[in-house]
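Input: a single structure, listed below in structure tokens.
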Amino acid sequence: MPFIPHTENDVQAMLAAIGINSIDELFDEIPGELRIHDLPEIPAAINEMEITRLMYERAARDQSPLCFIGAGAYEHHIPAAVWQVATRGEFYSSYTPYQAEASQGTLQLIYEYQTMMTGLTGMDVSNASLYDGASALSEAVLMGIRANRKSRGKRILMPTSVNPVYRACTHGIVKNQGVELIEVPYSRDTGLTALEALERHDGEDIAALVVQQPNFFGSLEEVDALTDWAHANNALLIAVVNPMALAVLKPPGQWGGQGADIACGDGQPLGAPLSSGGPYYGFMCCKEAHVRQMPGRIVGRTVDADGRQGFVLTLQAREQHIRRSKATSNICTNQGLVVTASTIYMAIMGPEGLFRTAAASHANTRTLLQRLVSIAGVERVFAGPFFHEAVLRLNRPVQDVLAAMADEGVLGGYALGKDYPELGEALLVCATETKTEADLDRYAAALSRALSD
Amino acid sequence: MPFIPHTENDVQAMLAAIGINSIDELFDEIPGELRIHDLPEIPAAINEMEITRLMYERAARDQSPLCFIGAGAYEHHIPAAVWQVATRGEFYSSYTPYQAEASQGTLQLIYEYQTMMTGLTGMDVSNASLYDGASALSEAVLMGIRANRKSRGKRILMPTSVNPVYRACTHGIVKNQGVELIEVPYSRDTGLTALEALERHDGEDIAALVVQQPNFFGSLEEVDALTDWAHANNALLIAVVNPMALAVLKPPGQWGGQGADIACGDGQPLGAPLSSGGPYYGFMCCKEAHVRQMPGRIVGRTVDADGRQGFVLTLQAREQHIRRSKATSNICTNQGLVVTASTIYMAIMGPEGLFRTAAASHANTRTLLQRLVSIAGVERVFAGPFFHEAVLRLNRPVQDVLAAMADEGVLGGYALGKDYPELGEALLVCATETKTEADLDRYAAALSRALSD
Amino acid sequence: MLIFEHSLEGRHTASQMPTAVDGQSAAAALEDIPAGQLRKSKPLLPEVSELQAVRHYTRLSQRNFSIDTEFYPLGSCTMKYNPRACNSLAMLPGFLGRHPYAPPRFSQGFMQILFELQEMLKAVTGMRGVSLTPMAGAQGEFAGVAMIRAYHEARGDNTRDEILVPDAAHGTNPATAIMCGYKVREIPTDAEGDVDLEALRNAVGPQTAGIMLTNPSTLGVFERRIREIASIVHQAGGLLYYDGANLNAILGKVRPGDMGFDVIHMNLHKTFSTPHGGGGPGSGAVGVSERLLPFLPVPIVGKVNKEDRVLTLKDPAIAGQAEAFRWLDEKDLPQSIGRLSGFMGNAGILLRAYIYMRMLGRQGMPRVADYATLNANYLMARLTRQGFDAAFPKRRATHEFILTLKRQAKTLGVNTMAFAKRLLDKGFHAPTTYFPLLVPECLLIEPTETESKQELDRFVDAMCEVLREAEASPELVTSAPHSLPVRRLDDVRAAKDLDLTWSAAG
Amino acid sequence: MLIFEHSLEGRHTASQMPTAVDGQSAAAALEDIPAGQLRKSKPLLPEVSELQAVRHYTRLSQRNFSIDTEFYPLGSCTMKYNPRACNSLAMLPGFLGRHPYAPPRFSQGFMQILFELQEMLKAVTGMRGVSLTPMAGAQGEFAGVAMIRAYHEARGDNTRDEILVPDAAHGTNPATAIMCGYKVREIPTDAEGDVDLEALRNAVGPQTAGIMLTNPSTLGVFERRIREIASIVHQAGGLLYYDGANLNAILGKVRPGDMGFDVIHMNLHKTFSTPHGGGGPGSGAVGVSERLLPFLPVPIVGKVNKEDRVLTLKDPAIAGQAEAFRWLDEKDLPQSIGRLSGFMGNAGILLRAYIYMRMLGRQGMPRVADYATLNANYLMARLTRQGFDAAFPKRRATHEFILTLKRQAKTLGVNTMAFAKRLLDKGFHAPTTYFPLLVPECLLIEPTETESKQELDRFVDAMCEVLREAEASPELVTSAPHSLPVRRLDDVRAAKDLDLTWSAAG
Ligand SMILES: Cc1ncc(COP(=O)(O)O)c(C=O)c1O
Ligand SMILES: Cc1ncc(COP(=O)(O)O)c(C=O)c1O
């Protein structure tokens, strides 16, 4: 019996202690007509040896193409130590640290994590994670509405340069509470949120303005102006940021005159493998004044009976297990293990490692772009500064080109046609620090061939 | 600087504390003419990201052929838990447990290992490992000479059915001490050590007789008779055994009337991956009377100052660090981590798991043999019982056949021609429990094609 | 020590620095970015060597209790063995390296796994469709209630604004209802732990969007009149939501679909043994009955034939088809409640659940329920015999059960919290305390099927020891723990003098 | 508890049982084996669940000190950081699955690594040839001395029957000489820690096969007159053996080959940071000068051209050649001392050493020596200033140095053993104690280059604390340890009442 340690003797002794004759009697409170006695659709058990072989085969079937897709998930080198330490049994198989004295490992780690995230974002406080970047944005929007005492409505300005899946996800989550997401268009020249478009909302009751930096096109928004506009209009500023980018870019806490009010995003670039989209984690930081509106676990430092430093979950009165229907969110389980890995990642990489990783990724993308625009039929779509990702326009259908490149084992980027048909045959491209000169050459050669076929 | 944590400030402070101006001064006792200042042949450093990619490429280059080679190294399924637990930092990065109180983890584990190995072999005591099976046999031979009070010479009977590399290795190691290895031929019918040949040595001064079970051909020696012959002739009996086989075969401790005196072998089948030949580990067990002649670490149970159970390295007066030139062996570092993994492997598999693994391996090999001998040009070489490995004779040159099978990604076995030219085109074949019906079919089909080409 | 206290200006791990750009040219690499966009000072991150980081976090890990080191009978959390193979196989390079937007030709192996997982989850729950995208139980709940809402709205039934929730429900249930824009009405529990049917009948009406139920409930008993509840709610036009946190108790025994539920979430990180990881990640896959199929969150893995027609398992043609899998999205399910995450959910966790389910297999599923229930009932029998009070002594325990220490708290002055802390000293993680809220001074105990009788017996011994200590020297218990890295921590101070991040100043 | 105490008759881990054969037919699977050959009763192995095994060994592991958890300044053992990437990359499935007898076409990736490793080791040691097959330092020593013997024998020089070994030598040196059939003659050390040259001159003669030296010696000092020693021994017709345990101290600074050594072994598990694994495995690769090349143990990886001619790195043609690697064996090296292992040595350890060396690279090698030496000298300076006595106060420390507690043992009654045990209480692994034997009450301290100044400072603090305790309350120190899982263990009883295996009887 897989994973069941009972011997026949054990079972007999246990039944006797309970005072019954068979295990089946334990289910006698279940109405008989509801009971089932087989699960014919479930395949018979296979052992670890067999599932091992099966999983190797399935993993191998998907090969390992050379990947230049970013679009919200970025391939970075992860030191081997990160996941070897994170998957130690004591981290891997423990629960949410409710019993603080028996969970100091996880609790201290989260406290350190919170410190690192506030360091990166320039914000005051951080929670212990949400599910992912997209759902973190929905929580940020709901939090922004709660936190903005000056706004009575539920109107949020949402630029179209924000990741379209994040927008869709946020819409799906917040619409049930009557929140309105108002689109703000981007400039077709620069790819940036148009200040003019924003000014159309001057003086309106807006709970918050969302700004993604770098935005979905990789372009760098004019965050200072946007933030100041928001504050001038009594709106909060919600920053959606790539935490790796923050190793080089101005942190949200320093945007404009007062800084962003909430910063969130996806922690994936900090130590989580691509892994088909998850598990990653959503992070969220805010100004101290808003901490009681923040969803998710928060760890605080305190002392024990002897005055020694120790760590506990704190401000639990925000959470569903205490406040139930009045909680800031329904979140319970978060993405703890990925946060564990990410904390170890940040500790190993340090400020210098993150800085160089971000810089190398940016340099690689820029080098790639330079090579590609020299190919006939390839041009950059947006002028202006970007970070480690940018949009190209091709003179052939993007899907055909990507298919041809895939034949050579190269994933050429993310096709923007579905979400931004107005951009024509547009392709979002990213080359992180994992790419070598030879990789960039391989991309350029594959693209040339695909376009000249 | 890879792996060096010093900052420039640290270095300055440390130099000041030492009272020097540069690190280079620390080397001023080395004669100047001996100093070198560059290592031009060493390639420049690469980072972890680069070595990772390089190692993936090299590993992939060697593919993963379907392997039916045994010949001393056997492919068995290893539960994932085994190496995940064994490579925990506390096991992986600790030294030999000299400081017992700070090494109870490793020490208790070895005590458990010793118990398991005596359980498998039916012997009284076990050491904590030697390097591998081949070198363990050399140590056993030297030990046998020391332990046999009735023999004054250094003559060892070494059947040719013993693994030829083990014999060569033993010869190389013991010859310097004037030990003579006397060959005992095998029967061409059965592949077994010929009792008649042995009887030619009746009454001679023989320190020990070596018996491998199953022998190199996979055949089962008549261990009872051989053991009794040895004891009747005042020789010790050194058993070389596959520990996995001992889950089903009579343990050396029960061979003949009195049992083997020393049992050794390679622990690889118990949880060590094939891994190109190592690290494996050599195990050695013996009768209690001989324990002071045993080489290698031994762990004993004792009590601490409060009377609590604890574990220590014991009988160290046998070892080089205490006895120096009078030690039983020069061994110091052994194969600790593999023993750790192996102990966890045995604990997870238990007696039932080992029994079924051994039985399944045997059944698979037998099934394979049945299929193969129905192919024209294939026959079994030896009659009589075997365990999970056996010899086939082909009607074509073995090397050609193996090369043709390799073209199909199948490693067909171990060619015996180099070591046993008298057997003709002979091939040693093994199919462990890792092989499926489909795998056996694939082998049979590849062999048919290779022979009919 | 905190990792920051190991930090030293200018230290870094050289072997982890990327290639292309060295210290100097990193600045050059950024020259095209306007200075105003750049960070001025380096972020507060630790500057330590790799060894320092490894040592620090290895040591920290040792300050945790975990399944791998202790019995962890935390009720409602199903802390069963997390097989190590699930971890290593889910972390094969091929899986880790796959970009979520990799095209189908580089994804068939992965997608086949997800498809089979969907089918297996349908089979064990008796539902008609499954979406794997919710990233934890609470998000599954959100998806479920959002589907209930979408269903009513699609029918133009816009008056329903209330979700019913038993008072014993987990906090995520009412919180979820609110997130979906509903009001919450609590339904009381009767003396035997079942939903108070009278109260339910009085509560339902045209305002009822649905009810959220856990069965077995969080009280550790099976809701016997579930069919009646279903018909009361259905007749009022509401739908039934099943909180699957307790699925472990009934796996292969009874299916939510057969009980009459319209929508359920599963906690794969409980029932299907993906790790809790010190707080997550989990997976809250949702299943639905026929009528909610159109509303499932996307993406879902579909099996298609050559003409790209989506096949279902019931499709007689499917067996003969060359297998091909593709994502079903908003185009395929135009009424979908949409997306809940940036990509497709916690893929790596789904792989682990798949591996575990394949190793359990058809025969293994009901055994989970058998032995989880046997262990709970055995513990309940032994502990009540030793003088502990069960909350529902006349009921069968399911996979978990409740003790109440009300009597001890009163007579000895030792409350549940103190009792729990003292258990830590004995090397056992404490059961869930003070949940569900309606049973005073309660311990919710869930041993799971992967613990042996011997471990349970040791736990009983420890419980009895603490009880004797509480009688003989209560201050020993109330001041526990004594043998952990820290003694009792001051929660009040933590919430009052907020200290949420470290700073060099201290 | 012992794992056997968790065991219960008839329990097994079902998910690990092989497929083909179930319980019943396992017996049938063996029907062709005569009953007399079969085992009658099952072996004493634990019968536990996978969770029980994982929990037991995870908890056991926590009872170890290790580099990953503590500073571990164990002299002569080079307990530096073992990079985690070395482990994970050496354990890639492609490497783990390769059978040692896989044909060359399935081995080029692996063999290229070994070839490059051989070349790198030649370069850092200044030797002409390298064999990777010895499985630890002691086996490397054996190989080395066996080559010396083979060399003399090949020249018909059969009178040489003595190996010289300084009195400070590691125990493996004399033990090895004996294993090779030699007699051992000890050479004394002078007051400054160098070999007593006078004594050496008197000792050499036609009976001298060679000398085994460690340089830096085990006394933590560099043997300054090494060239003189070399010429004395060479002139007597003996060869020089270099024990490479201390190579860390001189990496990229000075090479054994240049010092005049004929043969050396390296401890890859020290200098090149493969893990010690609680006792092993290691690798004792050997290097030789020109004259010993023919005697190297096999197998060795050779690079061959199309005609299967073995190329060397010096070969001008090599660059242009399509790379192909094959094993060189007894056929290629007919004078080889032969094989030392069943296959080719500890392959997985060699992979780790290769990975580490590539990450160090040309620039990283001398830095190892720089910082290992800096750390040792810093510790020596600080500790002597705090009142500890260095054994060789006038000498530079190399990568390690010796303190002697002779004075403290006499005046305070606190010996080195007690001192060491008390250090464990402070969270530091003890330095090597009572080795080398000729320095009374000694501590051999080797910090390694991967420890930070901050860690060293904490160690100094701990040493001073223990010293103060030894002065103020010596019994606190002599009865240490106090805070570990066990207190001082009774070695004498262990050796007297031998208890080497568990049995149910107890
Ligand atoms: C009964 C019950 N419902 C819902 C949940 C929420 O699940 P999750 O933590 O995965 O969001 C839990 C988990 O604690 C639970 O116990
Ligand atoms: C100086 C010296 N020589 C030789 C050895 C033996 O090396 P190994 O333990 O690898 O056999 C050691 C290891 O302890 C040593 O310190």
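This is a predicted model, so every value here is computed, not measured. Proteins get letters first, then strands, A, B, ... in listed order; numbering begins at 1 in each.
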ring-ring contact (aromatic ring centres under 6.0 Å, His included) assessment of D/Y371 paired with B/H6 = CA-CA 8 Å; D/Y371 288 86; B/H6 301 63; 4.9 Å; yes
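The backbone N or O of B/L246 lies less than 3.5 Å from a partner atom in the side chain of D/R39, making a donor-acceptor pair. One N or O on the side chain of B/E101 and one on the backbone of D/L489 form a donor-acceptor pair closer than 3.5 Å. Judged by distance alone, with hydrogens and angles left aside, the side-chain atoms of D/H99 form a donor-acceptor pair with the main-chain N or O of B/A73 at under 3.5 Å. Formation of a donor-acceptor pair under 3.5 Å by the B/Q108 side chain with backbone atoms of D/L60 is not found in this model. No side-chain donor-acceptor contact under 3.5 Å links B/N330 to the backbone of D/A175.
The contact between D/L38 and chain B is made by backbone and side chain atoms together, counting heavy-atom distances below 4.5 Å. Interface residue D/L2: backbone and side-chain heavy atoms are both found under 4.5 Å from chain B. For B/A60, no part lies near chain D; criterion is any non-hydrogen pair under 4.5 Å. Both the backbone and the side chain of B/A71 come within less than 4.5 Å of a heavy atom in chain D. D/R395 touches chain B through backbone and side chain together, each having a heavy atom under 4.5 Å away. Both the backbone and the side chain of D/L96 come within less than 4.5 Å of a heavy atom of chain B. Both the backbone and the side chain of D/A102 come within less than 4.5 Å of a heavy atom in chain B. The contact between B/F27 and chain D is made entirely by side chain atoms (from C-beta outward), counting heavy-atom distances below 4.5 Å. With a 4.5 Å cut-off on non-hydrogen atoms, B/I322 does not touch chain D at all. Using a 4.5 Å cut-off between heavy atoms, B/C67 touches chain D through its side chain atoms alone. Contact of D/S341 with chain B is made through backbone and side chain together, with heavy-atom distances under 4.5 Å. Contact of B/V85 with chain D is made through the side chain alone, with heavy-atom distances under 4.5 Å. With a 4.5 Å cut-off on non-hydrogen atoms, D/Y72 touches chain B through its side chain but not through its backbone. Using a 4.5 Å cut-off between heavy atoms, B/T314 contacts chain D through its side chain alone, with no backbone atom that close. Both the backbone and the side chain of D/F222 come within contact range of chain B, judged by heavy atoms closer than 4.5 Å. Residue B/T118 touches chain D through its side chain alone, counting heavy-atom pairs closer than 4.5 Å. Looking at D/V184, only its side chain comes within 4.5 Å of chain B, counting heavy atoms on both sides. With a 4.5 Å cut-off on non-hydrogen atoms, D/R488 touches chain B through its backbone and its side chain both. D/H429 touches chain B through its side chain: at least one heavy atom from C-beta onward sits under 4.5 Å away, while N, CA, C and O do not. Neither the backbone nor the side chain of B/Y281 has a heavy atom closer than 4.5 Å to any heavy atom of chain D. Residue D/I113 touches chain B through both its backbone and its side chain, counting heavy-atom pairs closer than 4.5 Å. Contact annotation for B/E75: neither backbone nor side-chain heavy atoms come within less than 4.5 Å of a heavy atom of chain D. For B/S129, no part lies near chain D; criterion is any non-hydrogen pair under 4.5 Å. Interface residue D/N375: backbone and side-chain heavy atoms are both found under 4.5 Å from chain B. For B/V291, the part sitting under 4.5 Å from any heavy atom of chain D is the side chain, from C-beta outward, and nothing else. Of the two parts of B/I298, only the side chain, counted from C-beta on, holds a non-hydrogen atom closer than 4.5 Å to a non-hydrogen atom of chain D. The part of B/R366 that comes within reach of chain D is its side chain, from C-beta onward, which places non-hydrogen atoms under 4.5 angstrom from that chain. The contact between D/M259 and chain B is made by backbone and side chain atoms together, counting heavy-atom distances below 4.5 Å.
Side-chain contact, D/Q16 with B/H77: a donor N or O sits under 3.5 Å from an acceptor N or O. Between the side chains of B/T106 and D/N64, at least one donor-acceptor pair of N or O atoms lies under 3.5 Å.
Applying the 6.0 Å contact sphere to NE2 of B/H321 captures more than 12 heavy atoms from other residues, nucleotides or ligands.
We find the CD-CD1 distance between D/Q139 and B/I331 to be 8.0 Å, quoted to the nearest 0.5 Å. Rounding to the nearest 0.5 Å places CE of B/M55 at 9.5 Å from CZ of D/F110. The distance from atom CG of D/N82 to atom OG of B/S94, rounded to the nearest 0.5 Å, is 9.5 Å. The CG atom of B/N176 sits 12.0 Å away from the CD1 atom of D/I178 when rounded to the nearest 0.5 Å. For the atom pair CZ of B/F91 and CG of D/D68, the computed distance is 13.0 Å after rounding to the nearest 0.5 Å. Here D/M179 contributes atom CE and B/Q320 contributes atom CD; the two are 11.5 Å apart, rounded to the nearest 0.5 Å.
Side-chain contact between D/P100 and B/Y280: present, with at least one pair of heavy atoms (C-beta onward) separated by less than 4.5 Å. The side-chain heavy atoms of B/E112 and D/H56, taken from C-beta on, include a pair separated by under 4.5 Å. Contact of the D/D32 side chain with the B/P385 side chain is not registered, since no non-hydrogen atoms from C-beta on lie closer than 4.5 Å.
Among B/R323, B/K326, B/R324, the single residue meeting the side-chain contact (heavy atoms from CB on, under 4.5 Å) criterion with D/P174 is B/R324. Residue B/I42 forms a side-chain contact (heavy atoms from CB on, under 4.5 Å) with just one option from D/E119, D/R358, D/Q363, D/M120, and that option is D/M120.
The residue among B/P5, B/A17, B/A134 with the most heavy atom pairs within less than 4.5 Å of chain D is B/P5. When each of B/L15, B/I344, B/T436 is scored by its heavy-atom pairs under 4.5 Å with chain D, the top score falls to B/I344. The residue among B/L120, B/L411, B/D38, B/V312 with the most heavy atom pairs within less than 4.5 Å of chain D is B/L120.
Ring pair B/Y95/D/H276 is tilted by interplanar angle, where 30° to 60° counts as tilted.
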